[in-house]
Amino acid sequence: KLLLVASDRISAFDVILGDPIPGKGKVLTALTNFWFEKLKDVIPNHLTGIAPESVVKPEEVDQVKGRAVVSKRLKPILIECVARDAVGAGKNYLATGKVCGVELPAGLKQAQKLPEPIFTPAAKAELGTHDENIPYERVVEMYGEKIASTIRNATLELYKRAAEYALTRGIIIADTKFEFGLDDDGNVLFRRGTKSFPGPRAASGRLTLTKSAPHPRALTSSTFATGLKRSPGTRPRRLRSSLKKSSKRRPTSTAKHSAA
């Protein structure tokens, strides 16, 4: 088993930023517990139900209270399981009419809702490099038809259930990704999910993403993230070059949870 503790730190481009966001870990843990409970009938998840406070020393209880879970130790399935319900940036679609090998109707516009959600997997890459979009057939080659079909079907069903509920709360989940793992008996368990955007859907069927939080990458050069104000007349440093320099001095871990 693992004790997973969500910190208040934030990272971007494989660099952990200096200033935490107070309460971030508790919010993420509450969201995690809510969705695992909400979707538990779709596929089993990795939570054990053991109270984190019961597995630490008395003086450590405050460190895990409200921001930790005890999970099963799984062998990760190294596939980012992405479900999409809208056209993204559209480069692959415009060039081929397909996204990750999935053929889509012609004439779709960026952010337009798809006829049905699609499964667009990506192979997880090494730290510091981008994940690679792959067709479903490649997932079958990597893990076999049984596991591939299980994670595909679970991804689409998890997405549909979550998107339907979120819409009742005024949130559109345009796309999301899930991660799965294998327990000691070879069973597939749900272990992670992320991404949503608040905002209304316009009558044209396009997604209007409003009031969405800034991406962590954008925060790396902002006063909010650094706590520093830029002197008058100066220009902000280029994000990539500044991070290349800082990556030599800072840890490269991007883990949102640390295991104890």
Side-chain angles (χ1 to χ4, degrees), residues 1-2 4 11-14 32 35-36 39-48 69 71-105 108 114-163 173-196 217 252-259:
K1 297 179 179 64
L2 293 173
L4 304 179
S11 64
F13 285 119
D14 300 336
T32 295
W35 284 114
F36 276 139
L39 302 171
K40 64 183 181 181
D41 61 325
V42 176
I43 187 170
N45 60 61
H46 68 160
L47 298 185
T48 63
V69 298
S71 76
K72 299 175 184 177
R73 187 187 294 270
L74 304 179
K75 179 181 179 181
I77 296 174
L78 301 178
I79 300 292
E80 297 276 0
C81 297
V82 182
R84 302 181 187 275
D85 192 31
V87 180
K91 292 182 180 179
N92 292 334
Y93 169 69
L94 291 175
T96 66
K98 300 178 180 180
V99 176
C100 294
V102 180
E103 189 166 353
L104 299 177
L108 296 176
L114 299 176
E116 287 289 335
I118 59 174
F119 177 63
T120 59
K124 293 182 71 67
E126 294 294 327
L127 186 67
T129 58
H130 294 290
D131 295 339
E132 176 189 2
N133 290 335
I134 59 175
Y136 173 72
E137 291 74 18
R138 176 61 180 145
V139 182
V140 174
E141 292 176 6
M142 295 171 66
Y143 288 99
E145 177 64 38
K146 182 178 179 180
I147 290 178
S149 63
T150 297
I151 62 176
R152 178 188 61 185
N153 295 341
T155 294
L156 293 174
E157 185 61 24
L158 287 167
Y159 170 77
K160 289 176 182 177
R161 298 274 192 98
I173 305 180
D175 60 66
T176 192
K177 71 175 182 179
F178 300 108
E179 295 181 12
F180 301 90
L182 299 172
D183 65 13
D184 292 339
D185 297 321
N187 299 311
V188 176
L189 302 183
F190 175 31
R191 70 187 188 97
R192 186 184 174 196
T194 185
K195 199 175 182 182
S196 64
R217 293 176 181 175
T252 57
S253 172
T254 57
K256 294 181 180 177
H257 297 80
S258 59

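Sequence positions, counted from 1, serve as the residue numbers for this chain. Bear in mind that the values here come from a model prediction, so they are computed numbers and not experimental data.
- Atom CG of D184 is surrounded by 12 or fewer heavy atoms from other residues, nucleotides or ligands within 6.0 Å.
- Distance alone, capped at 3.5 Å, places no donor-acceptor pair between the D185 side chain and the N187 backbone.
- The shortest non-hydrogen separation linking Y143 to L78 is OH-N, 2.9 Å.
- Here the straight-line distance linking atom CH2 of W35 with atom CG of L158 works out to 10.5 Å at 0.5 Å rounding.
- Within a 6.0 Å radius of CD in E141, other residues, nucleotides and ligands contribute more than 12 heavy atoms.
- Of all heavy-atom pairs spanning L156 and A83, the tightest one is CD2-CB, 4.4 Å.
- By the 4.5 Å heavy-atom criterion applied to side chains, L74 and D183 are counted as neighbours.
- The structure places OG1 of T176 at 11.5 Å from CG of D85, a figure rounded to the nearest 0.5 Å.
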TODO: Could you give me the CA-CA distance, side-chain angles and deciding distance for R73 and K1, then say whether side-chain contact (heavy atoms from CB on, under 4.5 Å) is met?
DONE: CA-CA 5 Å; R73 187 187 294 270; K1 297 179 179 64; over 6 Å; no
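- Considering only heavy atoms from C-beta on, P121 stays 4.5 Å or farther from R138 through its side chain.
- Looking at every heavy atom in both residues, V139 comes nearest to A148 through CG1-CB, 3.8 Å.
- Note that CD1 of I79 and CZ of F119 are 7.5 Å apart. Values are rounded to the nearest 0.5 Å.
- Looking at V188 and L182, their side chains come closer than 4.5 Å, going by heavy atoms from C-beta outward.
- Scanning both residues, G181 and R191, for their nearest heavy atoms gives N-CD, 4.1 Å.
- The shortest side-chain heavy-atom distance between K160 and P117 falls under the 4.5 Å cut-off.
- In this structure Y159 satisfies the ring pair (Phe, Tyr, Trp, His ring centres under 6.0 Å) test with no other residue, sequence neighbours excluded.
- In this structure, the separation between CG on L189 and OG1 on T150 is 11.0 Å, given to the nearest 0.5 Å.
- By the 4.5 Å heavy-atom criterion applied to side chains, N133 and T120 are not counted as neighbours.
- The salt bridge (charged side-chain N to carboxylate O under 4.0 Å, His left out) test applied to R152 returns no partner, not counting sequence neighbours.
- Between the CG atom of D41 and the CZ atom of R161 there is a distance of 4.5 Å, given to the nearest 0.5 Å.
- Nearest heavy-atom pair across T155 and C81 is OG1-CB, 3.1 Å.
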Task: Trace of the side-chain contact (heavy atoms from CB on, under 4.5 Å) decision for R84 with V102 - done: CA-CA 11 Å; R84 302 181 187 275; V102 180; over 6 Å; no
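- Taking both residues in full, the closest heavy atoms of A162 and L39 are given as N-CD2, 4.2 Å, listed atom of the first, atom of the second, then distance.
- In this structure, NE2 in H46 is found 6.0 Å from CG in L4, a value given to the nearest 0.5 Å.
- The aromatic rings of F190 and F180 are tilted relative to each other, their planes meeting at an angle between 30° and 60°.
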